[in-house]
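As the structure is a computational prediction, the values presented were derived from the model and not from experiment. Every chain is numbered from 1, with letters handed out A, B, ... down the list of sequences.
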2 protein chains.
Amino acid sequence: MRSYRQYCGLAAGLDAVGDRWTLLIVRELLILGPARYTDLLRGLPGIPTNLLANRLREMEAAGLVERQEPAPPVATPLVSLTERGRALLPVIEAVAAWGAPTLGGIDRDAEFRTHWLVLPLRRHLRDADPDKPPVCIEVQAGDGALSVEAGGGTVHVQVGRPDAPDAVIAGAPDAVLATLLGHATLNEARKRGVRVTGNRRALARIIPDDGRDSTS
Amino acid sequence: MRSYRQYCGLAAGLDAVGDRWTLLIVRELLILGPARYTDLLRGLPGIPTNLLANRLREMEAAGLVERQEPAPPVATPLVSLTERGRALLPVIEAVAAWGAPTLGGIDRDAEFRTHWLVLPLRRHLRDADPDKPPVCIEVQAGDGALSVEAGGGTVHVQVGRPDAPDAVIAGAPDAVLATLLGHATLNEARKRGVRVTGNRRALARIIPDDGRDSTS
DNA sequence: CCGGATCCGGGTTGATACTG
DNA sequence: CAGTATCAACCCGGATCCGG
């Protein structure tokens, strides 16, 4: 991107991450951790392959990502965020918090990937009862599954299907998210097609926490 | 901008404000309040006039800004932010906080407008002594002047030269900002060309406050 | 002066095909 | 799997022009 050439923090930030697709690439790397080129392509439906290659080069030059060339035993190269890149989490959360209310009116054929729920879940879920033994919940809302583990006062959200979940929640993305974030009751969720199996009390263990800071 | 067509809060937000110049236009309107077309042009060095006109149309359609057509007595039409547009302040603060550390290495001929200091000053300054009578400080750092008024526990930062300031601080933008935000002592600032006239104690009345929330 | 509209050259994006 | 190559369409930047 052409620089704005303005002595202004906002303009300087946009010089680095204002390009189309750049923040979405950061999103993917925040969710996945070190990822292969093909993993990124899967999580960025619509991006041309050459554009992803270009962006990764620019982002590497800007110090946002680094490539881990594989050791001799043939493996695939990985891309990961630098500390500077991970520092974009507050930016992404701010844009997402601002943009999320408009998701209701999005068109029917919009793409969705289950792992996109990871950031909102990490942001809003808290362990309701740190002293009890940990619980594990499986979330199914699209093309894949997530693992939500609560224990010791923290909640870990990861991509992938857990081995022995205490409960499983499945349904349409918006309905599942609304349920987990406390925007819909279990009865309302049921009417919207959300199904919960296993120990329902495990769901009560993770509670939404919208008051993390004063700026929200 | 083409939509990403992704069911994701980040993508939805970028669909609306990911276009080039859009967030900088919001910056100007946050600083200036209702503004004329020409005022915006002055605060956005480098933007082509047609692009500003296009963006304002798109932003009006997206509900970010609204035009106040002048009443019969001939006046110039004004553009102002809607509530939805003002809600972008946390986004802009997050990007600016992330981008500001790179301002040191910016090229010499970057543009600067004094009023760009308004948002960082509003964000970081606090009234150190709410019970004392209010003070007013004039800030000169480029093409114009700002008024910083502290009193009753709050700090008001506005564009324009105050009538009777208790103190005046003038110098290069980076040095003045570093001084006001407490990143440089008065002695260091002096070496960097910052000059303070009037009552220096008025400067001690406004103090930097970086701990406003836990996300910074 | 204010608020644009118009035109044009060049760069970027999007879509797809292809290759080591 | 990890890109490169190609090409059309679009968008941006720079300039000029024009009606109030």
Within residues 25-44 of chain B, residues whose heavy atoms come under 4.0 Å of DNA chain C: R36(B), Y37(B), T38(B)
Salt bridge (Lys or Arg N to Asp or Glu O under 4.0 Å) pairs, two or more places apart, involving residues 151-162 of chain A: E138(A)-R161(A)
Exercise: do Q68(A) and S80(A) side chains pair donor with acceptor under 3.5 Å: yes
R55(B) side chain near dC11(D) phosphate (N/O to OP1/OP2, under 4.0 Å): no
Under the side-chain contact (heavy atoms from CB on, under 4.5 Å) test, residues paired with R113(A) that sit two or more places apart: P45(A), E111(A), H115(A), W116(A), D143(A)
Protein-nucleotide distance (R67(A), atom CZ; dC1(D), atom P), rounded to Å: 17 Å
Listed partners of Y37(A) passing ring-ring contact (aromatic ring centres under 6.0 Å, His included), at least two apart: none
Value in whole Å for how far the C1' atom of dG3(C) lies from CG of L78(B): 13 Å
Under 4.0 Å protein heavy-atom contacts per nucleotide of nucleotides 13-20 of chain D, with B for base, S for backbone only and - for none: BBB-----
Pairs satisfying salt bridge (Lys or Arg N to Asp or Glu O under 4.0 Å), at least one member in residues 4-27 of chain A, at least two apart: R5(A)-D107(B), R5(A)-D109(B), D19(A)-R55(A)
Salt-bridge contact E188(B)-K191(B) (side-chain N to carboxylate O under 4.0 Å): no
Euclidean distance, atom CG of residue N54(A) to atom C1' of dG3(D) [Å, nearest integer]: 11 Å
Non-hydrogen atoms of A189(A) and T179(A) that approach each other most closely: CB-OG1, 3.1 Å
Side chains of T102(A) and R84(B) in contact at under 4.5 Å (non-hydrogen atoms): yes
